[in-house]
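Okay, structure first, notes after.
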Amino acid sequence: MSGGEWLGPESSPAFELGQAFAVCSVLAGLEMSGYLSVLAAEGIDIGSVEARSSRERELLASSLRYLVNRRVAREAAGNFTLTAYGESVYRDRGFLLWLVGGYGEPLRRLDAMLALGKRYGEDFTRDGRWVADGTALLAKRYILPDAMALLGRLSFGSVLDLGCGNARFLISVCGAFGARGIGVDLSPAAYAEAEKAVAEAGLTGRIKLALCDVRALDTIPGLDEVQLVVAFYLLHELLAVSREALTGYLSDLSRRLPPGASLVIGEMEPPTLGEAGQAFTPEFSYVHAMMRQRLLPADDWAQVLSEGGYTMSEVVRPGFPGAILLHCTKQS
């Protein structure tokens with residue numbers, strides 16, 4: 001047997017990994033360009049696609065044929081649809097969008113950060129829009145049901161969403177519980193999407209939006225009347241500055257809230273080293289380590305929140321591995 005003889009894919013895991021990378025990249029690209037949802041809903045007839053150029057149409061056709069080769073899609077007389085396997089991948093497309101669309105560029109330039117002195121945040125950074133959109137898709141499927149059940153056990157008439165993104169969660173909360181809402185986000189693109197979403201939901205009179213840094217508490221309208229604050233996958237970014245910066249922010253927020261106000265946060269616990277079956281936490285932990293951010297387990301969050309002026313009331317672990325929802329109240 002010669003050293004170069006092909007022994008099959010089972011003996012060449014590098015090919016399997018490479019194929020997964022290509023499939024993920026194609027699917028994320030189709031999602032970001034708006035084609036994947038069409039493929040999932042009704043299929044794509046290449047002959048009917050209105051593209052800006054023949055080159056774009058040809059690339060779309062090649063992308064879909066590639067997915068056929070990888071059994072993600074099927075083709076019949078020029079019409080492409082998802083296979084059953086493709087449909088199962090589509091349901092969790094948020095992960096691909098988050099990873100490839102959001103963190104693809106800094107991950108691609110790890111070489112420069114490892115060996116050329118380049119730095120995350122200065123030379124390369126994530127794409128905040130796709131991070132937010134991917135996270136929202138994952139949360140909608142895996143986190144939202146438990147989050148809404150938790151909020152249903154609370155009493156509030158007003159809610160502040162720190163880092164609201166496109167405001168879809170805030171809209172769901174205000175719609176389900178009849179509350180007034182305030183959404184704060186630093187991204188102009190997310191703010192524009194939030195404005196559109198709030199208008200489409202007919203909630204312009206009940207939801208106020210602010211384009212500002214969540215740390216600028218003086219710029220948040222109506223903060224002193226807010227009965228519930230939600231912060232999903234945000235506070236670990238403040239922790240990256242320092243533990244003191246996070247507890248200081250929490251303390252400042254607590255002082256401005258009315259008595260009895262609640263704080264509900266969503267975070268990911270760190271992965272267990274070497275443990276099998278961890279669907280998301282190793283990737284989540286790694287990209288945040290790349291950004292010099294760290295994750296905390298629930299017990300450590302309880303201590304941080306206590307230092308910031310809150311008493312832990314409930315810890316909820318949704319079905320999604322590593323996810324935690326923490327409910328706490330302002331200390332009297």
Side-chain angles (χ1 to χ4, degrees), residues 18-105 107-108 126-145 164-172 175 187-202 279-280 283 320:
Q19 291 160 11
F21 171 78
V23 171
C24 290
S25 298
V26 171
L27 288 172
L30 290 173
E31 172 70 13
M32 294 160 71
S33 60
Y35 284 114
L36 190 59
S37 59
V38 178
L39 181 64
E42 59 202 48
I44 294 178
D45 184 341
I46 290 297
S48 302
V49 170
E50 295 183 4
R52 291 180 300 179
S53 67
S54 59
R55 178 175 296 181
E56 289 182 0
R57 185 181 291 105
E58 291 169 1
L59 180 57
L60 174 61
S62 296
S63 301
L64 295 174
R65 292 188 187 107
Y66 171 72
L67 294 182
V68 171
N69 280 326
R70 289 297 170 212
R71 300 183 180 180
V72 178
R74 62 171 67 88
E75 185 267 338
N79 186 65
F80 293 85
T81 57
L82 290 176
T83 61
Y85 171 75
E87 290 173 354
S88 67
V89 172
Y90 178 77
R91 287 193 290 270
D92 285 325
R93 66 195 182 282
F95 177 51
L96 307 185
L97 188 60
W98 173 86
L99 185 62
V100 178
Y103 290 98
E105 178 62 14
L107 285 172
R108 188 180 69 84
R126 65 184 182 178
D127 189 315
R129 175 189 174 184
W130 301 122
V131 170
D133 285 3
T135 301
L137 284 171
L138 284 172
K140 181 179 180 180
R141 183 176 184 194
Y142 294 108
I143 310 299
L144 183 59
C164 69
N166 60 19
R168 294 293 182 184
F169 178 66
L170 180 59
I171 290 169
S172 297
S187 165
Y191 180 82
E193 289 189 23
E195 277 194 316
K196 180 180 178 182
V198 169
E200 290 176 349
F280 180 62
E283 288 75 24
F320 195 60

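None of these values were measured; they are calculated from a predicted model. All values below come from the heavy atoms of this structure, side chains included, with hydrogens, waters and symmetry mates left out.
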| request: Given side chain to side chain contact (heavy atoms under 4.5 Å, CB included), test Val131 with Thr135 step by step and report yes or no. | output: CA-CA 6 Å; Val131 170; Thr135 301; 4.2 Å; yes

| Just how far is it from atom CE of Met32 to atom CG of Leu96, taken to the nearest 0.5 Å? | 11.5 Å

| Ser63 side-chain N/O to Val26 backbone N/O, donor-acceptor pair under 3.5 Å | no

| note | Between Ser37 and Gly34, the two heavy atoms sitting closest are OG-O, 3.4 Å

| message | Please determine whether side chain to side chain contact (heavy atoms under 4.5 Å, CB included) holds for the pair Arg70 and Gln19, giving the CA-CA distance in whole Å, both sets of side-chain angles, and the decisive distance to 0.1 Å. | response | CA-CA 8 Å; Arg70 289 297 170 212; Gln19 291 160 11; 3.4 Å; yes

Cut-off 3.5 Å, no hydrogens considered: what does the side-chain donor-acceptor table look like for residues 164-172, sequence neighbours left out?
| from | atom 1 | to | atom 2 | distance (Å) |
| --- | --- | --- | --- | --- |
| Asn166 | OD1 | Arg168 | N | 3.1 |
| Ser172 | OG | Arg168 | O | 3.0 |

| said: Quick one, Phe80 and Leu67 - any side-chain contact, counting heavy atoms below 4.5 Å? | reply: no

| Is there side-chain contact between Val68 and Thr83, with heavy atoms separated by less than 4.5 Å? | no

| Side-chain (Arg74) to main-chain (Leu82) donor-acceptor, under 3.5 angstrom | yes

| said: As an exercise, state the distance from OG of Ser53 to CG of Leu59, rounded to the nearest 0.5 Å. | reply: 9.0 Å

| message | What verdict does the salt bridge (charged side-chain N to carboxylate O under 4.0 Å, His left out) test give for Arg108 and Glu105, after you've listed the backbone C-alpha separation in whole Å, the side-chain angles of each residue and the deciding distance to 0.1 Å? | response | CA-CA 5 Å; Arg108 188 180 69 84; Glu105 178 62 14; 3.2 Å; yes

| field | Partners passing side-chain hydrogen bond (donor to acceptor under 3.5 Å, both in side chains) against Arg57 (at least two apart in sequence or in another chain) | value | none

| query | Nearest 0.5 Å, what's the CG-OG distance between Leu30 and Ser25? | reply | 11.0 Å

| said: Looking at Tyr66, I want to see if its OH is surrounded by more than 12 non-hydrogen atoms of other residues, nucleotides or ligands under 6.0 Å. | reply: yes

| task | Start with the C-alpha distance between Ile46 and Leu60, add both sets of side-chain angles, then the distance that settles side chain to side chain contact (heavy atoms under 4.5 Å, CB included), and finish with yes or no. | result | CA-CA 8 Å; Ile46 290 297; Leu60 174 61; 4.1 Å; yes

| task | Ignoring hydrogens and angles, tell me if any N or O in the side chain of Thr81 forms a donor-acceptor pair with the backbone of Gly43 under 3.5 Å. | result | no

| said: Show, in sequence, the C-alpha distance, side-chain angles and deciding distance for Arg93 and Leu27, and conclude whether the side chain to side chain contact (heavy atoms under 4.5 Å, CB included) test is met. | reply: CA-CA 8 Å; Arg93 66 195 182 282; Leu27 288 172; over 6 Å; no

| query | Is atom CZ of Arg141 surrounded by more than 12 heavy atoms (other residues, nucleotides or ligands) closer than 6.0 Å? | reply | yes

| request: Using a 4.5 Å cut-off on heavy atoms from C-beta on, say whether the side chain of Ile143 contacts that of Leu138. | output: no

| said: Which heavy atom of Glu283 sits nearest to which heavy atom of Phe95, and what is that distance? | reply: CG-CZ, 4.2 Å

| Note, Leu137 side chain near Glu31 side chain (heavy atom, < 4.5 Å) | yes

| remark: Scanning both residues in full, the closest heavy-atom pair of Leu64 with Ile44 reads CD1-CG2, 4.0 Å

| Aromatic rings Phe320 and Phe280: how do their planes relate, parallel, tilted or perpendicular, breaks at 30° and 60°? | tilted

| said: Checking Tyr103 now: which residues fulfil ring pair (Phe, Tyr, Trp, His ring centres under 6.0 Å) with it, not counting sequence neighbours? | reply: Trp98

